[in-house]
Participant: 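Let me begin by handing over the structure; questions about it come next.
Chain letters run A, B, ... following the sequence lines, proteins first and then strands; every chain starts at 1.
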There are 2 protein chains.
Amino acid sequence: MTTPGRGLHGRVLDTLGPAITAGEYPPGSVLRTDELAQGFEVSRSVMREAVRVLESMHLVASRRRVGVTVRPKCEWNVYDPQVIRWRLAGADRPHQLRSLTVLRSAIEPVAAGLAAQHATPEQCAELTECALGMVANSRGHRLEEYLVHDIAFHRVVLTASGNEMFARLGDVVAEVLAGRTHHEVMFEDPDPAAVTLHVQVAEAVREGDGARAEKLTREITVGALEELDILAP
Amino acid sequence: MTTPGRGLHGRVLDTLGPAITAGEYPPGSVLRTDELAQGFEVSRSVMREAVRVLESMHLVASRRRVGVTVRPKCEWNVYDPQVIRWRLAGADRPHQLRSLTVLRSAIEPVAAGLAAQHATPEQCAELTECALGMVANSRGHRLEEYLVHDIAFHRVVLTASGNEMFARLGDVVAEVLAGRTHHEVMFEDPDPAAVTLHVQVAEAVREGDGARAEKLTREITVGALEELDILAP
DNA sequence: CCCTCTCAAAAAGTCAGACTTATACGTCAC
DNA sequence: GTGACGTATAAGTCTGACTTTTTGAGAGGG
């Protein structure tokens, strides 16, 4: 994804980050830098850099004379893409997937509404292309090809919204969509109704109809919520 | 806010972070670790730790034989609370405040709807208390006292939603509300209509009326958007 | 003239060891 | 029991030497 082996401290993080986010060390656990360095067979400098990164993610707090203490889950920087990836890779996956899907359901409709106002002609064309790609791969178990276009579609919408906070959620949405295709439901072809909705969103954005784009996107995200059995009776 | 002087590397970040997020180094600029270390009069170890943190925020990328290059704005981890604080403290403030207010307008209504379903009796009580505090301080230039209750109110709503992603936006909303009171409009007493809306949201949540809580919160956020002249004609 | 291959310089990366500083905790006197 | 004091501990800092990767320049050949 990002960069596999970007230095020794990176490889330490690849092990330590998932371990912490998976809850292997309960909140308040104390780690010693020296012991960790020995355990990973790296120098203290390297281990210190790794700890600094974990600290910047608010996963741990380092205090003199005490050690490196694991912070409670509620203090983590849960929007850090790295943290999201670690959690999606671990036992927390289902819970994380639900949280992110709810987040999507709040963001994407608003983003689509803004995209209808701000999208450039190029972005409109790209959007239409993505929607057509989805249609073309919606039958015959072409799940991977469908996924590529689905991800691209939502990424364009978020970018075209013109809001940098929305735009940066493109990677998160990509992870959620990929996760759904690879590990959850979706054994057969995607819901035809969802495909149609994507085409209609592209239309609405092209026509500058923000209200319609928002409403249609809300229907898409409601579908995503229902797939995960997140709904109020 | 967090911890002022948590080590030398922290003090380096306090200078370097704001400088980068303010755009003082254009994207692609190359910094040398050794030169920076000399400039800040710290050892290379300390400077390396600082660079590692900036790297984990995707503000810079470190490559051998090249140096530490500043990444383009669109790649930054803009949800990192530290990055948000740095940007709010710099020249980017107005733009950042708008982005975050739009984000609020997408998140908070949905969060309020969920809070109506999931809020504990304690949270309902706390919410009512906050709303009453806002009413009590809505007249007579008691802006600071009003702000405290306003922040607490929105924090409770986000927490009570039961979604960890929403909950972690409490700090962001606090920054936005504080920013509005301290640096933007709001020279006189807050809008009475907004105060009433908060009281009604507390009611709706207490009664478990998610749809009403969502709708009322949407009115609140629309008001916030209008204050910043963000609206479509 | 252009292309490729080689090589050396440059900057990050790694390591080891010594030293400093803050602080939790135990001890002792009161 | 309460307070002041001292000590052990683990993080923090600094330094200097060494390694590794990568780029860009220059040599050589087509």
Participant: Would you indicate whether the side-chain heavy atoms of B/R11 and B/V42 approach each other to under 4.5 Å?
Facilitator: no
Participant: With nearest nucleotide decided by heavy atoms, which residue, B/S43 or A/G67, maps closer to the 5′ end of DNA chain D?
Facilitator: A/G67
Participant: Assess whether a salt bridge exists between A/K73 and A/D92, defined as any Lys/Arg side-chain N lying under 4.0 Å from an Asp/Glu carboxylate O.
Facilitator: yes
Participant: Looking at five pairs on each end of the helix from C/dC1-D/dG30 to C/dC30-D/dG1, what is the angle between the two axes, given to 10 degrees?
Facilitator: 10°
Participant: Taking only Lys NZ, Arg NE, NH1 and NH2, and the carboxylate oxygens of Asp or Glu, determine whether A/E49 and A/R52 approach each other closer than 4.0 Å.
Facilitator: no
Participant: Does B/S45 reach a base, just sugar-phosphate, or nothing at all? Heavy atoms under 4.0 Å.
Facilitator: base
Participant: Roughly, in whole Å, what's the span from CD in B/E49 to P in D/dG12?
Facilitator: 8 Å
Participant: A/R64 CZ to D/dG12 C1': how many Å, rounded?
Facilitator: 5 Å
Participant: NA contact type, B/R48, heavy-atom cut-off 4.0 Å: base, sugar-phosphate, or nothing?
Facilitator: base
Participant: I want to check one thing: is the phosphate of C/dA12, taken as OP1 and OP2, less than 4.0 Å away from some side-chain N or O of A/R6?
Facilitator: no
Participant: Between atom CD in A/E41 and atom P in C/dC15, what is the gap in whole Å?
Facilitator: 10 Å
Participant: Hey, do the aromatic rings of B/H154 and B/H198 have their centres closer than 6.0 Å?
Facilitator: yes
Participant: Could you give the CG-to-P distance, from B/D34 to D/dT15, as a whole number of Å?
Facilitator: 12 Å
Participant: Can you tell if the side chain of A/Y25 reaches within under 4.5 Å of the side chain of A/L59, non-hydrogen atoms only?
Facilitator: no
Participant: Take the protein atom CZ of B/F40 and the nucleotide atom C1' of D/dT13, then report the distance between them rounded to whole Å.
Facilitator: 17 Å
Participant: Rounded off to whole Å, could you give me the CZ-to-C1' distance for the B/R65 and D/dT19 pair?
Facilitator: 16 Å
Participant: Between A/V66 and A/R44, which is nearer to the 5' end of DNA chain C once each is assigned its nearest nucleotide?
Facilitator: A/R44
Participant: Does any part of the side chain of B/V78, heavy atoms only, come nearer than 4.5 Å to the side chain of B/I84, both counted from C-beta?
Facilitator: no
Participant: From CZ of A/R63 over to C1' of D/dT9, roughly how many Å is that when rounded to an integer?
Facilitator: 14 Å
Participant: Between C/dA16 atom P and A/M47 atom CE, what is the distance in whole Å?
Facilitator: 13 Å
Participant: Any idea which of C/dG13, D/dG12, D/dA11 is nearest the A/R32 side chain?
Facilitator: D/dA11
Participant: Would a 4.5 Å heavy-atom cut-off, applied to side chains only, mark B/V173 and B/F153 as touching?
Facilitator: no
